[in-house]
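Before any comments, here is the structure.
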2 protein chains.
Amino acid sequence: MSLTSRQLEILSFIQEWIRERGFPPSHGDLAEHFRFNRNAAREHLLALARKGEIELSANDARGIRLLKDSAPRQFELPLFGNIAAGAPITAPENAQEWLRIDPDLFRPRADFLHRVDGDSMIEAGILKGDLVGIHHQAEARNGDIIAACLLDRRTGEESITLKRYRRRGSEVSLLPENPRYEPLVIDLKRDADEQELPGFRIAGIMVGLFRPGAPG
Amino acid sequence: MSLTSRQLEILSFIQEWIRERGFPPSHGDLAEHFRFNRNAAREHLLALARKGEIELSANDARGIRLLKDSAPRQFELPLFGNIAAGAPITAPENAQEWLRIDPDLFRPRADFLHRVDGDSMIEAGILKGDLVGIHHQAEARNGDIIAACLLDRRTGEESITLKRYRRRGSEVSLLPENPRYEPLVIDLKRDADEQELPGFRIAGIMVGLFRPGAPG
DNA sequence: TCGATTACTGTGCAATTGCACAGTCCTGAG
DNA sequence: CTCAGGACTGTGCAATTGCACAGTAATCGA
């Protein structure tokens, strides 16, 4: 039995709440957040329990247990796809998958993983299919490997690409680590003004990688 | 600040309770189980919070969050050093460290991690300092990257090295992925007989890698 | 058109719950 | 000996909380 979109909203909120605080929300907490009646909260919980998503413990305050995916998210990282239209590309609810890798194994802490889809960074030891750990931050130093977020203004689609970062004045170069590829140069002044250029922002810096599987 | 034995009892009970039910116990639940007053429960919780074991959310029913890891070892991998004398090099009790990475993220499952200490595998995208995931198995196919276990018969020390495996008859070649290094060739027949040669066995095959930190 | 389901509002109650305050008993360090 | 801290008992209160019951409205397949 599948969930309605509203029920999925409620379930996601409960998961998020538990991850953040370590204990489930009460009926009142749900009602306050969604701005509905406490009884509406109760009925949603009953529906989620009926559909096997959660288990309710009768008469116990916050007596909610997540049945699916009950592992603590505290030690997991979200993996994001390459392209997002509309919603921000690195919003937790858009995660393709959650991998049980402790974010604190990276320095600084990783906020999400990104799958590398080409061989443009091969000389930095980053192969196609590798999952790179990214620490969310809007600025980078020269020489950092960054997850660059490029916006195609015609389609509204955002994509993430991994490149070495170099900035001179208002000119940003995104350098591949493979002689067969060309650097991408962006003029921040023009980028801010013109509509034809792809919008650019730094999604974060690379803080490590995970490779599931041996190389060829 | 360390816990008293009583406080440890209480903390263990809370961890167990959460694992079983998915939400923390109330003061009353603690009081009922330990057959003491509800206020005694509260004071124990305050003590645990003071000592940094838990975090309490004021006025929230069951507002307890565990701060230190209660993550099951199930989702962790041991990291082994390079050299072991005497005891088998990959015995869990000799682990340098346990890292929270789900062994099942690798295919096949990883049994331990090994830190790469040179650049002999650089062309396979494996850099110095990388942690490679190894699946325990005694045999390998040609082309597999293996963790080779070499025994120095004079000192009794075992060391692990990562190489690509190739076997022709009784001749095993351990091939680096770097033109500046030479292959290591072992004759299995002579290895079994003579005392001067280093003993060789396959500790396992590489099934992935983890790199904490960005490259240069 | 009917019934089922979803998604709510509104009210009320009894039990649960966190918390405050007042005490007791014991142990170990200064 | 004193004093602090741990480990409790006991009481009381206000807020929180789960839950029951009574409705409303919209949607949707039969």
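When reading the values below, keep in mind they use all heavy atoms of this one structure, side chains included, and skip hydrogens, waters and symmetry mates. Note that this is a predicted model, so its numbers are computed, not measured.
- Aromatic rings of Phe210(B) and Phe106(B) (six-membered ring for Trp) have centroids beyond the 6.0 Å cut-off, not under it.
- Remark: Asp117(B) does not engage Arg115(B) in a salt bridge, criterion side-chain N to carboxylate O under 4.0 Å.
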Worked verdict on Phe80(B) versus Phe112(B) for ring pair (Phe, Tyr, Trp, His ring centres under 6.0 Å): CA-CA 7 Å; Phe80(B) 293 110; Phe112(B) 65 94; 5.3 Å; yes

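- Cation-pi contact between Arg19(B) and Trp17(B): absent, since separation from the ring centre below 6.0 Å together with deviation from the ring axis within 45° is not met.
- Summarising the geometry, the separation between CZ on Arg6(A) and C1' on dC8(C) is reported as 9 Å, rounded to the nearest angstrom.
- The terminal axes of the helix from dT1(C)-dA30(D) to dG30(C)-dC1(D), fitted over 5 pairs per end, subtend an angle of 40° to the nearest 10°.
- Residue pairs that meet the ring-ring contact (aromatic ring centres under 6.0 Å, His included) test with at least one member in residues 40-61 of chain B, sequence neighbours left out, are Phe36(B)-His44(B).
- Between the P atom of dC13(C) and the CG atom of Asn59(A) lies a distance of 18 Å, rounded to the nearest Å.
- A straight line from CZ of Phe36(A) to C1' of dT6(C) spans 12 Å, rounded to a whole angstrom.
- Rounded to whole Å, atom P of dC19(D) lies 14 Å from atom CZ of Arg62(A).
- Between Glu139(A) and Arg201(A) there is no salt bridge, since none of the side-chain N atoms of the basic residue sits less than 4.0 Å from a carboxylate O of the acidic one.
- Using a 4.0 Å cut-off between a side-chain N of Lys or Arg and a carboxylate O of Asp or Glu, Arg168(A) and Glu171(A) do not qualify as a salt bridge.
- Summarising the geometry of Leu77(A) relative to Ala110(A), their closest heavy-atom pair is CD2-O, 3.5 Å, with the distance given to 0.1 Å.
- In this model, the phosphate group of dG18(D) is not approached by any side-chain N or O of Arg38(A) to a distance below 4.0 Å at OP1 or OP2.
- Here Lys128(B) does not pair with Asp130(B) in a salt bridge; the nearest charged N to carboxylate O distance is not below 4.0 Å.
- A salt bridge links Asp60(B) to Arg62(A): one of the charged nitrogens lies within less than 4.0 Å of a carboxylate oxygen.
- Within residues 20-34 of chain B, no residue places a heavy atom under 4.0 Å from DNA chain D.
- Picking from dA7(D), dC8(C), dC19(D) the nucleotide with the shortest atom distance to the side chain of Ala58(A) gives dC19(D).
- Here Thr4(A) does not reach the OP1 or OP2 of dT5(C): none of its side-chain N or O atoms lies under 4.0 Å away.
- Residue Lys51(A) places at least one side-chain N or O under 4.0 Å from the OP1 or OP2 atom of dT6(C).
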CA sep, side-chain torsions, deciding dist, call: His33(A), Phe13(A), ring pair (Phe, Tyr, Trp, His ring centres under 6.0 Å): CA-CA 9 Å; His33(A) 178 264; Phe13(A) 175 75; 4.0 Å; yes

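- In this structure, Leu3(B) atom CG and dG5(D) atom C1' are separated by 15 Å, rounded to whole Å.
- Inter-residue side-chain proximity for Leu11(A) and Leu3(A) is flagged as met; some heavy-atom pair is nearer than 4.5 Å.
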If you restrict it to nitrogen or oxygen atoms, what contacts under 3.5 Å exist between nucleotides 20-22 of chain D and the protein, and what is each distance?
{"residue": "dA20(D)", "atom": "OP2", "partner": "Arg42(A)", "partner atom": "NH2", "Å": "2.9"}
{"residue": "dC21(D)", "atom": "N4", "partner": "Asn39(A)", "partner atom": "ND2", "Å": "3.2"}

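- Here the side chain of Ala40(A) is nearest to one of dT6(C), dT9(C), dT17(D), namely dT9(C).
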Protein N or O to nucleotides 24-30 of chain D N or O, pairs below 3.5 Å:
none

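- Separating the CD atom of Glu9(B) from the C1' atom of dC8(D) is a distance of 14 Å, rounded to the nearest angstrom.
- Listed by first and then second residue, the salt bridge (Lys or Arg N to Asp or Glu O under 4.0 Å) pairs that reach into residues 32-49 of chain B come to none, sequence neighbours excluded.
- Comparing Ser5(B) and Asp60(B) against DNA chain D, the residue whose closest nucleotide sits nearer the 5' end is Ser5(B).
- Residues Leu174(A) and Pro183(A) form no side-chain contact, since every pair of their non-hydrogen atoms from C-beta on lies 4.5 Å or further apart.
- Side-chain N/O atoms of Arg50(B) include none lying less than 4.0 angstrom from OP1 or OP2 on dG5(D).
- Rounded to a whole Å, the CG atom of Leu48(A) is 11 Å from the P atom of dT6(C).
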